[in-house]
Protein chains: 2
Amino acid sequence: MAKRILNNYFHSLFPIEKEIVQNITKTFKYFQLDKNTILLAKNKISTKTYFLEHGYMRSYILNEDNEEITTNIYTAPCFVNDFLSFFKQQPTKETYQTLSDCSFWETSLENVQTNFHNLPEFREFSRLLFVINYSKLNDRMIEMVSQKAETRYLNLLKQNPHIFQNVSLKIIASYLGITDSSLSRIRKNVSKM
Amino acid sequence: MAKRILNNYFHSLFPIEKEIVQNITKTFKYFQLDKNTILLAKNKISTKTYFLEHGYMRSYILNEDNEEITTNIYTAPCFVNDFLSFFKQQPTKETYQTLSDCSFWETSLENVQTNFHNLPEFREFSRLLFVINYSKLNDRMIEMVSQKAETRYLNLLKQNPHIFQNVSLKIIASYLGITDSSLSRIRKNVSKM
DNA sequence: GTAATTTCTTGTCATTTGTCAAGTGCTGAT
DNA sequence: ATCAGCACTTGACAAATGACAAGAAATTAC
């Protein structure tokens with residue numbers, strides 16, 4: 001499998017030499033998963049870092065009533081990592097599941113550590129990836145506390161329209177922090193306007 | 001001013017040699033701010049990293065109705081950073097304000113960069129700090145989407161009772177994503193039980 | 001192709017939270 | 001000492017969202 005998409009992802013984030021990217025990605029291995037497969041289960045320790053090349057994924061937790069709360073929806077191409085589990089080598093609280101047939105590139109914690117210590121460019125890249133993820137999470141949190149469900153729905157529809165063709169409304173609803181009934185009503189309202 | 005609290009903070013996070021910590025913190029400068037002072041204003045670029053030694057702070061944004069939404073409440077001792085602004089050198093969306101008289105240690109981006117490149121232990125520390133912050137933010141986000149206001153209030157009261165003695169209920173309410181009226185009613189309800 | 005399952009919508013009603021306005025009590029400036 | 005402003009509470013009502021159940025539509029399994 002060609003690593004074109006993986007390599008391009010590095011270039012899209014910040015300026016970096018082709019040779020360095022190839023050096024970083026040479027340890028990445030390709031694999032595929034069918035729809036509705038668990039990539040990383042709750043309570044497991046993440047030992048790999050994953051790049052989602054094609055497809056859709058989500059992470060979710062179970063609340064006290066054993067309902068699945070979708071914490072994130074991933075649209076390829078992107079990295080899919082449980083930072084806490086991966087870097088602190090502790091069990092994850094979340095479950096990572098494919099929402100469509102997916103293709104991935106993975107590499108081990110050891111390879112990441114090696115690159116991190118040997119390649120300043122990889123450190124820059126990792127830091128940037130961290131910061132971008134942190135920032136997205138912060139934006140999402142601000143959205144959750146300061147905007148009503150309809151606004152959050154409209155923002156998601158605008159920023160990520162594809163997921164509405166590929167992810168069930170029930171999952172999107174739990175990502176928005178509402179029930180599927182409420183989302184259904186909001187969609188009805190919006191379509192009337 | 002003695003750097004005891006600052007130095008101890010490093011040791012409390014992970015095992016690290018005393019000499020290395022002293023090497024890291026030798027460039028930190030001490031300063032104080034009165035209550036209700038802006039540490040870092042919206043649209044400014046953060047050029048310093050701050051360690052809050054004593055006191056309480058918050059960060060907030062303005063929503064479309066120009067209401068202040070508290071994004072974070074900081075209880076000393078802790079680092080107070082706008083990661084995105086600091087590491088990408090771009091304007092911050094948030095304003096950082098003291099909620100009590102505060103004392104700080106600060107150092108420049110250049111010093112952080114130098115330490116980051118020269119000291120593997122500092123890289124580890126930074127990564128850990130980042131992962132911890134990311135994880136806290138993720139937990140908060142999950143709480144916001146999956147629990148009702150009363151539960152969020154009770155959790156905050158349990159995890160951080162001090163802030164109720166030091167931060168106004170209006171600010172705490174906006175941190176919890178509700179109005180001050182609602183928080184007042186919730187408190188009344190809870191006290192009845 | 002048919003049955004089973006899942007997804008999505010909708011109705012009814014309850015609960016939570018917001019909005020606005022008023023009132024009380026505290027604090028700080030002069 | 002007084003006044004202005006702020007923090008907090010409360011009441012009345014409105015809006016948003018949830019809970020539950022039923023049914024329609026789409027998808028999946030066999």
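Each chain gets a letter, A, B and so on, in the order its sequence line appears, and its residues count up from 1.
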Note: Leu13(A) and Leu128(A) closest approach over all heavy atoms is O-CD2, 3.7 Å
With B for base contact, S for sugar-phosphate-only contact and - for none (protein heavy atoms under 4.0 Å), nucleotides 6-16 of chain C reads --SBBBB---S
- Query: Relative to each other, are the rings of Phe130(B) and Phe130(A) parallel, tilted or perpendicular (30° and 60° limits)?
  - Reply: parallel
Outer limits of DNA chain D sitting under 4.0 Å from a non-hydrogen atom of chain B, read 5' to 3', are dC8(D) to dA12(D)
- Query: Does Glu17(A) CD have over 12 foreign heavy atoms under 6.0 Å away?
  - Reply: no
With a 3.5 Å cut-off and no angle check, do the side chains of Thr71(B) and Glu94(B) form a donor-acceptor pair?
yes
The salt bridge (charged side-chain N to carboxylate O under 4.0 Å, His left out) partner of Glu68(B) among Arg58(B), Lys42(B), Lys170(B) is Arg58(B)
In short, Phe31(B) meets Leu39(B) closest at the heavy-atom pair CZ-CD1, 3.9 Å
Worksheet item: Parallel under 30°, tilted from 30 to 60°, perpendicular over 60°: which one fits the rings of Phe10(B) and Phe28(B)?
Response: perpendicular
